[in-house]
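Inspection log for the structure reproduced underneath, given as structure tokens.
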Amino acid sequence: MAYASLTKGLKELDIRGPSVPSNLVLIGDDAFPLAMNTRGQVLMAASLYGSGRIVVLGHESYLTTFPALVENALIWLRGDKSDNLSVAVHQRVKAVADNLSRSSFQATVVEKFHDNLGVGVYVTDAYSVEADGRDLVAYLKAGGGLLIAGQAWHWAQEHPKENTLLNFPGNKVSSVAGIYFTEHCGEAGWLPVYPQIPASWQSVAIGKDFEDDLKFLLQGVSEFHFSDGIPSEVLVHGPLAFPIGSNEQGQPFVAGAYYGRGRVIVVTHEIALGHQEMAPFLTNAIRWLDEGRNGVVGVVPSLGHYVNLLSNLGLRCEKTNFRKDLSVFVCQAYSDDHAQEIQEFVAEGGGLLIGGHAWYWAQTHHGQNPLTDFAGNHILNKMGLSLLGVTLAPGSYKAPVLGQAAKDNYHFRHLLHRFAGHVVEGEALTKNEESLLKKLGSDCTTYLHMKAHDWYPYMQMLSTLTDFLKKSDMPQVSESCPVRTPKDHLLLNLGSEVYKVCPDPDALLPYLIKNNPVMPVVYNYKIKINANTGGADTWLSTGLYLSPGMKTKMTMPAEIVNKGWRVQIGCQTDYLNHEELKRAPHVVEHFPVTSEVMQVWNLWGGLIYLVAPPNTQLEGPEVIVHIAISAPYYKSGVTTAADWSLLRKAPTPWAELEFENIIITVPSDVVRGLECPNKVAAVWDDIMRGIADLAAIPHKFPRKERFVADVQISIGGMHSGYPIMMHSFDADSLVNPEKIGHTDIWGPIHELGHNQERACWEFPPHTTDGTCNLWSVYVHEEVLGINRAKAHGAMTPDARKSRTEEYVKGGRSLVNWYRWVALETYMQLQDKFGWDAFKKVFAAYHKMTNTPSDNPGKMNLYAQTFSETVGMDLTGFFKAWGWPIDAATEEKLSSLPAWTDHPMVQYG
């Protein structure tokens, strides 16, 4: 490892004294710090470029202060040239050669660098770089070793109008390798030498304020125009990258960055590059990229029609593919051809203007990650910019206001640095900063999903986040300890995401989960697969649980490897987006089954499931779970009374009851006292057969319905889906044999009814929350023997009559025909024709194809289908309810006897 070689034998670096170093800023792939102070400032660093290596020290005095470090550096810098002990030392740092006289190196003092030195390593200060430094860059790129030292703060004071990053002599060489001397003084002190590359939460600070760049780029620019195309968002994550234009939510759509000796600007839709109204910005952008060279601007042929616009702006433009002799290259983000050459072109001083979006790619490449897989990001990631799959609204956006207002603009690194200071040292955040913490959390998650563990900037960011999470007071979210503040929301989000990708999650776990009791485990537990799935993913319960952070290996049968199967840890699939949280927002993890032995875990713990893909028939193979915890799990026909008497006392927080057609997941405390789950099973088996009867489907469901009772859900008191989600305080009503069937179960049946609604006969938004109640009425009356008027207060005769009269008084407008009012239409049909008519109608729809997709078309089809089913023309009835029955439907049904005494007749 390079860091270990460079710090070999060093325990500490005492840089106290008169020398004031420069703070170094690191970017790109390969740059890493050797010495970092307590403020997170980098004072010594190393990197690679091409075939060569470079070490940078933040003050020239360090070349003689630390002879052991210098000797380590020389050994590392010569790389595989172990037989070349020659070192050329610039005369201004002649003392280095004197120190080396007692070593095995053969030092020669030279007046300046030249191509035929024939040395393995060149040592110089940062002030003696000749001309533009291109000879030294070429030497480095070809495999040379360079040790360079100096500080830039004094130079910056003497050159107040110059750009230090671009014009300081040392930066003309070191920057190509991603190391910059800055005008900021480094704080000197006693520095320990760490066994690993140092990291600090403070090191995520941006390396420049960019005010001068924005002043140049935005001169004469009032708006950015994307009226002809939908832009993407760009993630600005590099220390020398900055947003140029953003929307009110802080989402950038134009951004720039320094990269090596050059610069880059990304515009997140290529059509904007040819927009006449963007001419002022494009002029500024290309001149900023050109850096005063007045060189040739090469425009890739696919954007050739923009050449005229750029030429009319007074720019020297040519339609051409990438060439190294260009000053600025303009291209699209949809190709990574010449990616490395383009990066080197920019690093060595070229300008890059790249246009394009990633949202369409993301929509057409499901399962792939735009940050790592999208072509344009293969060029941009190293430069600290990444196009995202997020769309922004088309239109015009105001340019940011320079000065104080610009300081409130969102910058990922700046706000992360401020938030870390808030968490670790109690620094106060502004209201504007607090309002952007949700955006910051989203950006951190996006960045961490890169999983670029072989990329130093990523690992530095990950180390930084891990560092300040350990220093934070992580909220222990629960019903009794809800999370309300933006700070705690972000900590919850970060804790979960960092845990997934950090190299040592076990070391982080105690900081995230502070109460994690040890539970008794089972080993090598075998689960027999029995899957016969329909057209959707199906969870198969295992009866096993993993505690928070607990890892287990699973041995998979070959039959399910790489066949679309997954392992799921956790049952609470709702993503929470509430201001007050009673659990973490996302607590379920999925692992694709891609090998016969795999490891699974979840920071938040959870029940273990196998998720079978659609249309899978498999019976017999076994899965072995190497270590897990038994949960209270009852399965009809499998779990004996004796088994259950022990299982219901299992200490895990979740329990499951699996019956003929439904699986109910509840907090374990709800079933601790349940002695006879078979009684609960009997009621639910009857209910589910009733659900099937009305829906005109077989009694055995293709996929068992699921209920999960959680401390908090995404919306409402309950909601349909797979699983149906409900609040845990209502869980007892589902599993208590003394209550089920006798207390209010309307809501759960309502949600089961939602799952039976079909688009071909459902008319959103009118009936979305209405027709599902057909199942609530049916189950109460036909299964549980409870009259509809007693099943729900809205179903009393007086309530029904009142709603109908109000609807009629309101002009029978479909705007008012929804939920209970809509249900009344169907109840009047049921009163006349009974439940069998509905069963026959639903059965008829099962056989239909190519049904209308619009509400009027669907309503006419329903009126026709119901009429034909009961042998009576019901068009008058439906028209009395305000349905848009057309003449063609009336003509089709004209031969049937009309329903002339329907309930709506009384209203005229």
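Values below: every heavy atom of this structure, side chains too, minus hydrogens, waters and symmetry copies.
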Between the CZ atom in Arg758 and the CG atom in Asn755, the distance rounded to the nearest 0.5 Å is 8.0 Å

When rounded to the nearest 0.5 Å, the distance separating CG of Leu303 from CD of Gln332 is 4.0 Å

With side chains defined as the heavy atoms from C-beta onward, is the minimum distance between Phe226 and Val267 less than 4.5 Å?
yes

Let's go through Asp228 and His269 carefully: what are the C-alpha distance in whole Å and the side-chain angles of both, what is the deciding distance for side-chain hydrogen bond (donor to acceptor under 3.5 Å, both in side chains) to 0.1 Å, and is it a yes or a no? CA-CA 9 Å; Asp228 298 327; His269 201 299; over 6 Å; no

- Message: Check whether Glu658 reaches the backbone of Lys635 with its side chain - one donor and one acceptor, N or O, closer than 3.5 Å.
- Response: no

CD1 of Ile271 to OG of Ser227, rounded to nearest 0.5 Å, is 8.0 Å

- request: Let me see the working for Asp537 and Arg566 under salt bridge (Lys or Arg N to Asp or Glu O under 4.0 Å), right down to the final yes or no.
  value: CA-CA 10 Å; Asp537 286 349; Arg566 290 175 292 152; 2.8 Å; yes

Under 4.5 Å between any side-chain heavy atoms of His357 and Pro231, yes or no?
no

| query | Would you find more than 12 non-hydrogen atoms of other residues, nucleotides or ligands less than 6.0 Å from Lys438 atom NZ? | reply | no

message: Less than 6.0 angstrom separating the ring centers of Trp359 and Phe374, yes or no?
response: no

Practice prompt. Measure the shortest side-chain to side-chain distance between Glu705 and Gln756 over non-hydrogen atoms and say whether it is less than 4.5 angstrom.
Written response: yes

Backbone N or O of His699 within a donor-acceptor pair of the Asn661 side chain at under 3.5 Å? yes

Next item on the list: Give the C-alpha distance, both sets of side-chain angles, the deciding distance and a yes or no for side chain to side chain contact (heavy atoms under 4.5 Å, CB included) between Glu233 and Phe253.
Entry: CA-CA 5 Å; Glu233 179 181 356; Phe253 48 79; over 6 Å; no

Under 3.5 Å, is there a donor-acceptor pair between the side chain of Tyr807 and the main chain of Arg812? yes

To the nearest 0.5 Å, atom NE2 of His578 lies from atom CG of Leu581 at 7.5 Å

* Would a 4.5 Å heavy-atom cut-off, applied to side chains only, mark Met859 and Leu814 as touching? -> yes

- prompt: Can you tell me if NZ on Lys840 sees more than 12 non-hydrogen neighbours from other groups inside 6.0 Å?
  reply: no

Query raised in the report: So, the side chain of Ser714 versus the backbone of Leu576: is there a donor-acceptor pair under 3.5 Å, distance only?
Result: no

If you apply the rule side chain to side chain contact (heavy atoms under 4.5 Å, CB included), what do you find for Trp654 with Gln572, and how did you get there? CA-CA 11 Å; Trp654 289 98; Gln572 308 142 275; 3.4 Å; yes

| task | Answer yes or no: is there a side-chain heavy-atom contact under 4.5 Å between Trp775 and Leu752? | result | no

Practice task
May I ask you to decide if Thr889's main-chain N or O and Asn860's side chain share a donor-acceptor pair within less than 3.5 Å?
Solution key: no

### Task
Verify whether the ring centers belonging to Trp361 and Tyr334 lie closer than 6.0 Å.
no

**OP:** Flag the pair Ile663 / Trp539 as yes when at least one side-chain heavy-atom distance between them is below 4.5 Å, and no otherwise.
**Re:** no

**Message:** Set out, in order, the CA-CA distance, both residues' side-chain angles and the distance that settles side-chain hydrogen bond (donor to acceptor under 3.5 Å, both in side chains) for His780 and Asn787, then state yes or no.
**Reply:** CA-CA 7 Å; His780 277 85; Asn787 182 272; over 6 Å; no

Any donor-acceptor N or O pair under 3.5 Å, side chains Asn773, Trp746
yes

Compare all side-chain heavy atoms of Val821 with those of Asn816 and state whether any distance is below 4.5 angstrom. no

Strictly distance-based, threshold 3.5 Å: is any side-chain N or O of Thr594 a donor or acceptor partner for the main-chain N or O of Asn562? no

Exercise for review: Walk me through it: do Glu660 and Trp684 pass the test side-chain hydrogen bond (donor to acceptor under 3.5 Å, both in side chains)?
Suggested key: CA-CA 8 Å; Glu660 181 182 50; Trp684 275 108; over 6 Å; no

Sequence neighbours excluded, the answer for side chain to side chain donor-acceptor pair (under 3.5 Å) partners of Trp817 is Thr825

(message) Aromatic contact between Phe866 and Phe838, with the criterion being ring centroids under 6.0 Å apart: yes or no?
(response) yes

Rounded to the nearest 0.5 Å, the CD1 atom of Ile713 sits from the CE atom of Met726 at a distance of 8.5 Å

Inset, instruction - May I ask you to decide if Tyr360's main-chain N or O and Thr364's side chain share a donor-acceptor pair within less than 3.5 Å? - result: yes

Output for pair (Glu890 CD, Thr875 OG1), nearest 0.5 Å, gives 5.0 Å

Between Ser232 (side chain) and Leu387 (backbone), is there a donor-acceptor pair under 3.5 Å?
-> no

Practice prompt. Consider only side-chain N and O atoms of Ser246 and Gln251, and report whether a donor and an acceptor are under 3.5 Å apart.
Written response: no

_Please evaluate residues Glu762 and Thr771 with respect to the criterion side-chain hydrogen bond (donor to acceptor under 3.5 Å, both in side chains), reporting the C-alpha separation (whole Å), side-chain torsions for both, the decisive distance (0.1 Å), and the verdict._
CA-CA 8 Å; Glu762 203 254 308; Thr771 48; 4.8 Å; no

| request: Answer with yes or no after comparing the ring centroid distance for Trp883 and Phe877 against a 6.0 Å cut-off, counting only values under it. | output: no

message: Can you confirm whether Gln617 is buried at CD, in the sense that more than 12 heavy atoms of other residues, nucleotides or ligands lie under 6.0 Å from that atom?
response: yes

ask   = Take atom OH in Tyr818; do more than 12 heavy atoms of anything else shown fall under 6.0 Å from it?
value = no

Practice prompt. With side chain to side chain contact (heavy atoms under 4.5 Å, CB included) as the test, would you mind laying out the steps for His586 and Thr445 before giving the verdict?
Written response: CA-CA 12 Å; His586 178 78; Thr445 297; over 6 Å; no

>> Would you say that more than 12 heavy atoms from the other residues, nucleotides or ligands in this model lie under 6.0 Å from the CD of Gln363, or not?
In response: yes

Review point. Has Lys839 got more than 12 heavy atoms of other residues, nucleotides or ligands less than 6.0 Å from its NZ?
Key: yes

task: Run the numbers on Ile691 and Phe701 for side chain to side chain contact (heavy atoms under 4.5 Å, CB included), then give the verdict.
output: CA-CA 10 Å; Ile691 298 285; Phe701 279 50; 3.9 Å; yes

### Query
Is Gln712 reaching over with its side chain to a backbone N or O of Glu580, donor-acceptor style, under 3.5 angstrom?
yes

Output side-chain donor-acceptor pairs under 3.5 Å for residues 790-803, partner residues at least two apart or in another chain, one line each.
residue: His792; atom: ND1; partner: Ala794; partner atom: N; Å: 3.0
residue: Thr796; atom: OG1; partner: Ala799; partner atom: N; Å: 3.2
residue: Arg800; atom: NE; partner: Glu824; partner atom: OE1; Å: 2.7
residue: Arg800; atom: NE; partner: Glu824; partner atom: OE2; Å: 3.2
residue: Arg800; atom: NH2; partner: Glu824; partner atom: OE2; Å: 3.0
residue: Arg800; atom: NH2; partner: Asp831; partner atom: OD2; Å: 2.8
residue: Arg803; atom: NH1; partner: Ala794; partner atom: O; Å: 2.7
residue: Arg803; atom: NH2; partner: Ala794; partner atom: O; Å: 2.9

Legend entry - N/O donor-acceptor pair under 3.5 Å between Arg706 side chain and Ile664 backbone: no

Asp686 meets the side-chain contact (heavy atoms from CB on, under 4.5 Å) criterion, sequence neighbours left out, with Arg689, Val783

Under a plain distance cut-off of 3.5 Å, with no hydrogens placed, do Asn736 and Lys679 share a side-chain donor-acceptor pair? no

Validation row: Ile230, Pro394 side chains within 4.5 angstrom (heavy atoms): yes

